[in-house]
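Note that these values count all heavy atoms, side chains included, but never hydrogens, waters or copies made by symmetry.
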Amino acid sequence: MNEKFKSGFVSIIGRTNVGKSTIINALVGEKVAAVANKTQTTRTAIRGVVNRENSQIIFIDTPGIHKPKSKLSETMLDTAFNFIGDVDVVLFVIDATSTEIGRGDSKILERIKEAKRKTILIINKIDMVEKKEELLKLIDLYQKQYNFTAVIPVSAVKRQNVDIILEEIEKNLKEGPAYYDIEEYTDQTSRQLVEEVIREKALKFLDDEVPHGLYIETEKMKYRKTKEKEGIYDVEATIYCLRNSHKGIIIGKNGSMLKKIGTYARKDLENMLGTKVNLKIWVKVKEDWLNNDTIVKKFKLN
Ligand SMILES: Nc1nc2c(ncn2[C@@H]2O[C@H](COP(=O)(O)OP(=O)(O)OP(=O)(O)O)[C@@H](O)[C@H]2O)c(=O)[nH]1
Ligand SMILES: [Mg+2]
């Protein structure tokens, strides 16, 4: 007899920069979320879907837990904490190189204890740990805090143990239907994908202060056939930044920085969309948008 089909929602929670978005991308096998070696990369909840023979798992990547400094940050924290409660399984991601439970992780643990959901502890970045005993000590520390459904040490960049996460989740899901079409791997619109990709490149090439003050808006996205009958997307997007000096940095000498961001973003988008992309990016200043309710609303739970 066939096994019954299972499905469920699984959130990925953790401090900023522990590798949550790298994990969702590795699990889904496609880039759904921006990854950067900077804090507060993810700003909204992003869904990624994994279809297996007998199950469908819907992952929700969330903004990292950090100390809030603006209305945008407060909104990000609300989003993250909300997904500790209302899901079937929580993946709590911690950094393998940590040696104690810091403030951010304690706060998350508190919420996990309140929510009493099935929670899997994921210890990421094990490629950075030299001594196995250190890892065992860390596991012990956390296991004293909560009765985790499982503890899985992984390396998301090396894709080590990623399949074990899927198997462990599947074991803990209940019978249920496929909520998403099996061709879909994310619920982000293609406009949101454009924004996420451009922001990822900006985070990659720009220094700390500038990219945190950016948001991207896709102004136009149109598919057409060229004279040679090839498909192409015409995409226009605007990068909003906080100050005129930032605008200068983003554009760069003779436009070189903007060109670099655009070229890398275009290549990613062409891979993701499977067609050619003609990408134009503008840069505009919008002061203090981080505390502007109308703009921050865009990042609220949907
Ligand atoms: N060495 C190592 N680095 C990793 C691993 N997983 C992720 N990283 C790196 O850690 C950094 C942060 O990764 P992200 O996936 O953006 O982290 P995040 O938790 O989503 O961060 P926020 O969105 O800011 O909360 C990036 O530079 C990743 O390449 C891993 O297994 N090993
Ligand atoms: Mg992230």
Side-chain angles (χ1 to χ4, degrees), residues 8 10-28 33 35-42 48 50 57 59-68 73 76-77 79-85 87-173 208:
V10 178
S11 61
I12 309 178
I13 309 285
R15 269 187 304 116
T16 182
N17 219 35
V18 293
K20 299 177 295 300
S21 299
T22 312
I23 291 174
I24 197 173
N25 291 341
L27 290 164
V28 174
V35 168
N37 192 15
K38 304 260 160 75
T39 57
Q40 291 147 58
T41 299
T42 305
V50 172
I57 309 171
F59 288 99
I60 303 145
D61 182 20
T62 65
I65 305 302
H66 62 279
K67 216 166 141 195
S73 297
M76 284 160 60
L77 290 184
T79 304
F81 282 130
N82 179 69
F83 281 108
I84 296 181
V87 289
D88 299 296
V89 179
V90 176
L91 299 186
F92 174 25
V93 184
I94 62 167
D95 189 319
T97 60
S98 49
T99 49
E100 51 179 25
I101 305 177
R103 275 252 293 278
D105 286 319
S106 306
K107 217 181 212 166
I108 300 169
L109 270 169
E110 254 171 57
R111 300 293 186 110
I112 287 174
K113 287 176 192 169
E114 280 167 24
K116 300 190 181 69
R117 299 277 149 169
K118 285 185 178 172
T119 302
I120 299 176
L121 182 68
I122 306 284
I123 304 173
N124 188 33
K125 309 196 185 182
I126 52 168
D127 53 290
M128 308 269 284
V129 178
E130 278 170 21
K131 291 193 195 127
K132 213 173 161 198
E133 308 89 73
E134 305 273 313
L135 210 54
L136 294 176
K137 258 196 237 162
L138 189 65
I139 292 176
D140 191 48
L141 208 58
Y142 274 86
Q143 274 182 326
K144 284 190 182 126
Q145 293 290 322
Y146 191 74
N147 184 15
F148 292 104
T149 305
V151 177
I152 312 175
V154 309
S155 167
V157 282
K158 301 207 161 155
R159 290 179 186 248
Q160 231 177 317
N161 291 354
V162 168
D163 287 340
I164 299 179
I165 302 181
L166 293 174
E167 272 150 38
E168 196 56 51
I169 291 169
E170 197 177 81
K171 269 200 263 170
N172 285 287
L173 288 183
D208 245 354

Roughly how far, to the nearest 0.5 Å, is CD1 of I65 from CE of M76? 9.0 Å

Side-chain ion pair, D105 and R15, N-O less than 4.0 Å: yes

Could you check whether any side-chain N or O of S11 sits under 3.5 Å from a backbone N or O of F83, counting only pairs where one atom can act as donor and the other as acceptor? yes

Distance col, row I84:CD1 vs E114:CD, nearest 0.5 angstrom, shows 9.0 Å

K107, NZ atom: more than 12 neighbouring heavy atoms under 6.0 Å: no

Quick check: does any side chain N or O of R117 sit under 3.5 Å from a backbone N or O of V89, one acting as donor and the other as acceptor? no

Less than 4.5 Å apart, any side-chain heavy atom of V10 and any of V87? no

Here the gap from E130 atom CD to T97 atom OG1, rounded to the nearest 0.5 Å, amounts to 11.5 Å

Search all heavy atoms of A26 against all heavy atoms of A156 and return the closest pair with its distance. CB-O, 4.3 Å

For I165 against V154, the heavy-atom pair lying closest together: CD1-CG1, 3.9 Å

Of the non-hydrogen atoms in I13 and V90, which two are nearest, and what is the gap between them? CG1-CG1, 3.8 Å

With under 30° as parallel and over 60° as perpendicular, where do the rings of F148 and F92 fit, or are they tilted in between? tilted

Where is the tightest heavy-atom contact between P63 and T42, given as atom of each residue plus distance? CB-O, 3.3 Å

Taken to the nearest 0.5 Å, the spacing of I101 CD1 from I108 CD1 works out to 11.0 Å

Pairwise side-chain contact, T99 with E134, heavy-atom cut-off 4.5 Å (strictly under): yes

Where N25 and A33 come nearest, the two heavy atoms and their spacing: ND2-O, 2.9 Å

Hey, could you give me the CD1/OG distance between I123 and S155, rounded to the nearest 0.5 Å? 13.0 Å

Does any N or O in the side chain of N124 come within less than 3.5 Å of the main-chain N or O of V18, such that one atom is a donor and the other an acceptor? yes

Let me see the working for E168 and K171 under salt bridge (charged side-chain N to carboxylate O under 4.0 Å, His left out), right down to the final yes or no. CA-CA 5 Å; E168 196 56 51; K171 269 200 263 170; 3.2 Å; yes

Would the distance check show the side chain of T62 and the main-chain N or O of I12 forming a donor-acceptor pair, the cut-off being under 3.5 Å? yes

Separation between CD (E110) and OH (Y146), nearest 0.5 Å, reads 13.5 Å

Within a strict 4.5 Å, meaning less than it, do heavy atoms of the Y142 and V151 side chains meet? no

Would you name the heavy atoms of N17 and K125 that are closest together and state the gap between them? O-NZ, 2.9 Å

Candidate pair L138 and I94, rule side-chain contact (heavy atoms from CB on, under 4.5 Å), full reasoning: CA-CA 10 Å; L138 189 65; I94 62 167; 4.0 Å; yes

Are D163 and L166 packed together at the side-chain level, in the sense that at least one heavy-atom pair is separated by less than 4.5 angstrom? yes

